[in-house]
Asks: 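This is the structure I have questions about; it appears just below.
The chains referred to below are lettered A, B, ... by the order of the sequence lines, with proteins before strands, and numbering in each begins at 1.
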Amino acid sequence: MKSLSELEQIRKQTLERIQMRKEDRENEARVVVGMATCGIAAGARPVMMAFVTEASRRKLSNVTVSQTGCIGTCRFEPMADVFLPDQEKVTYVNLDEQKARRIVAEHIVNGKPVYEYTITAAMGVNTRGNEQ
Amino acid sequence: MSIYRSHVLVCGGTGCTSSGSEKLVEAFLEQLKLHQLDKEISVVKTGCFGLCAEGPVVIVYPEGTFYARVKQEDVTEIVREHLLKGRIVRHLVYHEHEEGAQNHLSLNDIEFYKHQTRVALRNCGVIDPENIDEYIAFDGYKALGKALGEMSPQQVIDLLKESGLRGRGGGGFPTGLKWQLCAKTVSDKKYVICNADEGDPGAFMDRSVLEGDPHAVLEAMAINGYAIGSDEGYIYVRAEYPIAVKRLQIAIGQARNYGLLGKNILGMGFNFDVHIRLGAGAFVCGEETALMTSIEGKRGEPTPKPPYPAEVGLFGKPSNINNVETLANIPQILIKGPEWFRSMGTQRSPGTKVFALGGKINNTGLVEVPMGTPLSKVIYDIGGGIPNSKRFKAVQTGGPSGGCIPESLIDVPIEYDSLVQIGSMMGSGGMIVMDEDNCMVDIARFFLDFTVDESCGKCTPCRVGTRRMLEILNRIVSGKGEEEDLEKLDILCESIKDTALCGLGQTAPNPVLSTLRYFRDEYEAHIREKRCPAHHCKDLLHLEITDKCRGCTACSRVCPVGAITGEARSQHHIDVDKCIKCDSCFNKCHFDAIIKV
């Protein structure tokens, strides 16, 4: 290595990979995928991997993808919750890999939830909570 | 380089390795492969997490779940439940010792970590110490780049002086001043030395830094070389630390490959390289002059100071010696600035200090707290208090050179000067906790036994004086102490302190002096009443069976010498002449009928 810029490059590259171990993670986005029996049976694993690979492809080092158990609405699986800083939790349902990738692009990167995939849309309830 | 969604960190420190963490790594890899998770989840072997009492320790990120005492057979469950399905395996999660304490699912909620500030240990248990990239990711070698690129050697020294960093090896000499003295000396060759000859019984701070974050030490040595004008460094490390040595070797190799050690570092025209020298385990070689003679290949014996190493050091050349923990602080001081460092700790002792907690304490392990933290906080809040609801009696700091601090002084803030005032010293950071069952005379005897063994024999006060002291102490604990012994001890202590050649001898009487000061009544009980108040000294106690005895015969069956007699269902009796005081009956009795008097 012959320069500081090379050092900086290694720093950035590796940090993307191990960011999640840092204590002061800034502006972290969290995706929690339902991975109970029901979720896995409905295809949650490829969905989760789609979140991981899409985030990694876009070099989003501030995204963590984790799993959770069954929350009881098994008919909507695969499901995922997306938490952004300063935003309310958004619950997505009936996911597939395609949808997961779109959620990363529109919601996590651009901050606009994909309304049509949310649980509120699926249950036929609009965002204000009134019956449609 | 692919991104993993989860990282499994397995502690690879000496403590956890000896309880089988290497096997855990294999088991994780195997199980992950079995469940086809090996592309999603990475397994990393890190340095020490600090909570050695609960090892082997495994931490799963991003959740930060803290699994303690993980056995090989638990791995299947963690992989199947946590990593595959995302359900934290609650019964394997670490829980605190207090009653009613909750299982803490995340690292940061645990009392043991909550009160700590990690500077020297910041990367221990977070990065893979055998991977230079991970060190670089967490701002590694940035300080070296900054020093070489933006600062003059004098600016580096000034910055260190301003930070107020003091030597963490024991004495607390200002590091910036030390560097200044060596920088001022004119010479064609200078050496940078890292003292990793950690010899205090029960201390393992430096080992953990070397095992968990070896690059931090290398980076600081290179900065040191730049500041004082040296191109060569030595790390003197104990051969008893095989994992630390191995990781240092790997780290040096990687740093050379990246051009961070060697010729023309970072293209900035600075040359610096580091060698490892293994110490054979002599305690005196932690003393800087003895350490240097040992590196030179001679018998490890101290020489009088002056001349100081900054003028005449290794191979007769000016040398700068710093301890591992001191060095580990330096890169961050350069990056974050002296104000940041001064914001921690106290006015006269800024920063943090690492302590190895041992003895009668629940959370045996490694902790790092800001200077000025009261001892009580370290022992109760972080250390989790004394096991088996025994009473706290004293804490020993500073190893064989330090002293015992009694319960009445437990709220004293930990800093160099306050500890010296109460007759102990910071030392390198060993902290041994004692409860009501420890006899303070015997503790003093233990440490003196150690110094007598480790005395190099060069000067008379240390070679002969400490031996005479040990003889007196042996007499006292075996019930043959005489009234004049205390006065003799006092005189011996003072004259050894004043006349010994090196630090080892000068501080050797400290354990005796401090116990004489705070626990004189225990000495007097041994000498005048032939009684050990802690019921520890075997020659001064005997076992008796009281009328609580139900005659269950458990004691007589367990006695190895047949000293206990008695009919079933009637009170038993111990033959004092036959009894070897092995405590077997004492531990066996279900009715608390056996007492020590």
Asks: Got Y61(B) and T64(A) here, is their nearest side-chain heavy-atom distance under 4.5 Å?
Replies: no
Asks: Check whether any side-chain heavy atom of D133(B) sits under 4.5 Å from a side-chain heavy atom of Q13(A), and report yes or no.
Replies: no
Asks: Quick check for you: among R122(B), R87(B), H7(B), which has the greatest number of heavy-atom pairs under 4.5 Å with chain A?
Replies: H7(B)
Asks: So for atom CZ, which belongs to R58(A), do other residues, nucleotides or ligands contribute more than 12 heavy atoms lying within a distance under 6.0 Å?
Replies: yes
Asks: I want to check something: taking the side chain as every heavy atom from C-beta on, are E40(B) and V52(A) in contact at a cut-off of under 4.5 Å?
Replies: no
Asks: Answer with side chain, backbone, both or neither: which region of L37(B) has an atom nearer than 4.5 Å to a non-hydrogen atom of chain A?
Replies: side chain
Asks: Tell me, for R45(A) versus chain B, whether the close heavy atoms (under 4.5 Å) come from the side chain, the backbone, both or neither.
Replies: side chain
Asks: So with a 6.0 Å cut-off around CD of E116(A), is the heavy-atom count from everything else above 12?
Replies: yes
Asks: Where on I40(A) is there a heavy atom nearer than 4.5 Å to chain B: the side chain, the backbone, both, or neither?
Replies: side chain
Asks: Taking C-beta and beyond as the side chain, do L7(A) and I136(B) meet within less than 4.5 Å on heavy atoms?
Replies: yes
Asks: Looking at NZ of K39(B) and CE of M49(A), how far apart are the two atoms once the value is rounded to the nearest 0.5 Å?
Replies: 10.0 Å
Asks: Taking atom OG of S3(A) and atom CE of M268(B), what is their separation to the nearest 0.5 Å?
Replies: 8.0 Å
Asks: How long is the straight-line distance from CD1 of I10(A) back to CD of E134(B), given to the nearest 0.5 Å?
Replies: 13.0 Å
Asks: Of all the heavy-atom pairs spanning A137(B) and I18(A), show the shortest one and how long it is.
Replies: CB-CD1, 3.9 Å
Asks: Determine the option with the most heavy-atom pairs under 4.5 angstrom with chain A, choosing from L83(B), L148(B), I127(B).
Replies: L83(B)
Asks: Quick one: CD on E6(A) to OH on Y258(B), what's the gap to the nearest 0.5 Å?
Replies: 10.0 Å
Asks: State, yes or no, whether a side-chain contact exists between T14(A) and F138(B) at a heavy-atom distance under 4.5 Å.
Replies: no
Asks: So for D139(B), is it side chain, backbone, both, or neither that comes closer than 4.5 Å to the heavy atoms of chain A?
Replies: both
